[in-house]
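Structure, as structure tokens:
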Amino acid sequence: MKKIIAIAIAAIMTVALLTVAVGAQSQAMNGTGWDPNNIVSVKKADPNNVVKDGVINSNEYEKFEVDLSEESSPLHVTFITGDDMILGLDMMKTMEYYFSWDEVHGINIAIRNKPAEIQQLLDIKEGDKPEDDFCQNVAWGISANTDNEASPSLYFALGKRTDDGRYLEGHWNQLGAQGYYNPTELQDYIINYDYGTGYCTIEWSIPLNNFLTAGGGAGSTIEFTLWANAGTNTVPDFSTAYGIVLGDFGFMVNQKAMHNNVTYLLTSDELPNGGGEVIPPDDGGNNNGGGQNTDGGNNNGGGQNNGGQNTDGGQNTDGGQNTDGGNNNGGGQSNGTAPRTGDPMIIMAAVAAASAAGAFIVRKKRH
């Protein structure tokens, strides 16, 4: 059924876009995007247990359970083509999210997911705004609100090359409440590829003063969106890419579908401080989303690139969320009004057809 729908979508797009470049599209499967009343409670970890080693341990994080069904998930599936949409739906079923916080590292995030193919062969742009085009291959990112009117947004993307292990950092100079967020690879974050199982893992800690000028602690709330992307193009031309977005302000999500970030409440509840066993994954009992690196024998990956952030895709630098296309890198995205019932593949086909008819030529916001 999925292949038939994908073929139908491709045919519709071909007819509709004979003279227009294919645009990025997305759809939250529940038809509405993130419910602002769905607040995520984040437990406190012992900072000594928070280690960037690519292993997700039970004393580091607590898993956040989110609906991954095609019928009702609040996650956005982003895609360029009909085939990408199918790959995005498949990746959605593999998504795992883990969170904690502590006074030393800030908010601790781990994401584990399985793309159709582990590939990162793109690069960052030179200059002050290295941007986020490399998110058309395997990559992750965050888009957040801050409490600083002078620097109201944090937008940052991360990737790691699969050929030489170099880390990629992307931004558009929306660098958080302090205005200078600059993480260090292997200290603040690590990316691990497990070619044996096909899973990818990122561990990422961000100091709280990048969201709240005074830092924050138990009882504080912070707001952000996370995305995980993949694709197989070797030129960042938006010919193919797909992703899953937790929250509404992610890469390739059109501004019309951008309503809410996810709100995270930092609690005083503490994670267990003993054992440190690996959190059991959902793929049959082996946790290969972290510990062992299969891309050349070490978890390190090479030098660090001072990458970029997208203002046409995260939040605007003038105080709120971006309203000129969001991180829709190419337009043509559903506004989230699809029916909440019925075959999700039929819904997605209708969304794709409608979006394709009005797709934009891919372009970036300039300041």
Side-chain angles (χ1 to χ4, degrees), residues 24 106-107 109 120 122-137 139-161 166-185 187-189 191 202 204-215 222-229 236 238 241 243 245 247-255 258 261 303-331 362-367:
I107 184 78
I109 300 163
Q120 178 51 265
L122 302 177
D123 217 329
I124 60 171
K125 294 186 177 180
E126 296 181 1
D128 293 336
K129 298 178 181 179
E131 304 183 13
D132 56 6
D133 282 353
F134 64 86
C135 289
Q136 294 168 68
N137 279 188
W140 297 262
I142 189 169
S143 180
N145 288 332
T146 82
D147 65 355
N148 185 351
E149 293 184 1
S151 187
S153 305
L154 171 66
Y155 185 100
F156 215 85
L158 296 173
K160 187 173 81 168
R161 296 270 299 211
R166 285 185 296 117
Y167 277 92
L168 308 172
E169 296 185 0
H171 66 84
W172 289 65
N173 288 352
Q174 293 166 301
L175 298 177
Q178 308 301 322
Y180 52 75
Y181 179 62
N182 184 25
T184 300
E185 64 193 53
Q187 174 180 308
D188 300 311
Y189 69 92
I191 293 169
I202 183 170
W204 188 2
S205 294
I206 304 174
L208 296 177
N209 67 357
N210 290 285
F211 305 93
L212 306 171
T213 50
I222 55 179
E223 298 179 0
F224 57 86
T225 289
L226 296 170
W227 67 89
N229 263 53
F238 289 93
V245 184
D248 298 340
F249 288 85
F251 185 80
M252 294 199 326
V253 177
N254 184 282
Q255 64 91 18
M258 291 182 173
N261 282 305
Q304 174 176 1
N305 288 306
N306 296 317
Q309 167 187 24
N310 188 352
T311 55
D312 71 354
Q315 285 146 343
N316 187 321
T317 55
D318 63 359
Q321 320 233 329
N322 189 358
T323 57
D324 68 332
N327 41 16
N328 170 44
N329 294 284
V362 175
R363 59 190 172 206
K364 299 286 188 181
K365 180 178 178 181
R366 293 181 174 83
H367 292 284

Inset, instruction - For residues Val253 and Met258, report the shortest heavy-atom separation together with the two atoms involved. - result: O-CE, 2.9 Å
Legend entry - Close side-chain approach of Asp123 and Arg161, heavy atoms under 4.5 Å: yes
Legend entry - Donor-acceptor contact below 3.5 Å, side chain Tyr167 vs main chain Ile191: yes
Inset, instruction - Show your reasoning for whether side chain to side chain contact (heavy atoms under 4.5 Å, CB included) applies to Val245 and Met252. - result: CA-CA 9 Å; Val245 184; Met252 294 199 326; over 6 Å; no
Legend entry - Asp248 CG to Asn261 CG distance, which is reported to the nearest 0.5 Å: 7.5 Å
Legend entry - Residue list, side-chain hydrogen bond (donor to acceptor under 3.5 Å, both in side chains) with Thr146, at least two apart or on another chain: none
Inset, instruction - Please work out whether the ring planes of Phe211 and Phe224 are parallel, tilted or perpendicular, with thresholds of 30° and 60°. - result: tilted
Inset, instruction - Kindly compute the distance separating OG1 (Thr213) from CG (Asn148), expressed to the nearest 0.5 Å. - result: 6.0 Å
Legend entry - Close side-chain approach of Ile206 to Leu154, heavy-atom, < 4.5 Å: yes
Legend entry - Gln136 side chain to Ala241 backbone, donor-acceptor under 3.5 Å: no
Inset, instruction - Report the distance from atom NZ of Lys160 to atom CG of Leu168, rounding to the nearest 0.5 Å. - result: 10.5 Å
Inset, instruction - Apply the test side chain to side chain contact (heavy atoms under 4.5 Å, CB included) to residues Ile142 and Trp204: give CA-CA distance (whole Å), side-chain angles for both, the deciding distance (0.1 Å), then the verdict. - result: CA-CA 10 Å; Ile142 189 169; Trp204 188 2; 3.5 Å; yes
Legend entry - Spacing of OG belonging to Ser151 relative to OH belonging to Tyr181, to within rounding of 0.5 Å: 13.5 Å
Legend entry - Residues that Asn210 engages under side-chain hydrogen bond (donor to acceptor under 3.5 Å, both in side chains), provided they are two or more places apart: none
Inset, instruction - Show your reasoning for whether side chain to side chain contact (heavy atoms under 4.5 Å, CB included) applies to Asp132 and Phe156. - result: CA-CA 8 Å; Asp132 56 6; Phe156 215 85; over 6 Å; no
Inset, instruction - Can you see which heavy atom on Ser143 is nearest to which on Trp227, and at what distance? - result: N-CZ3, 3.8 Å
Legend entry - side chain to side chain contact (heavy atoms under 4.5 Å, CB included) partners for Leu212, two or more places apart: Asp147, Ser220, Ile222
Legend entry - Modelled atom types, side-chain donor and acceptor of Asp188 and Ser205, under 3.5 Å: no
Legend entry - Residue pair Asn145 / Glu223, side-chain donor-acceptor N/O under 3.5 Å: yes
Inset, instruction - First locate atom CG of Leu226, then atom CH2 of Trp140, and finally report the distance between them rounded to the nearest 0.5 Å. - result: 12.0 Å
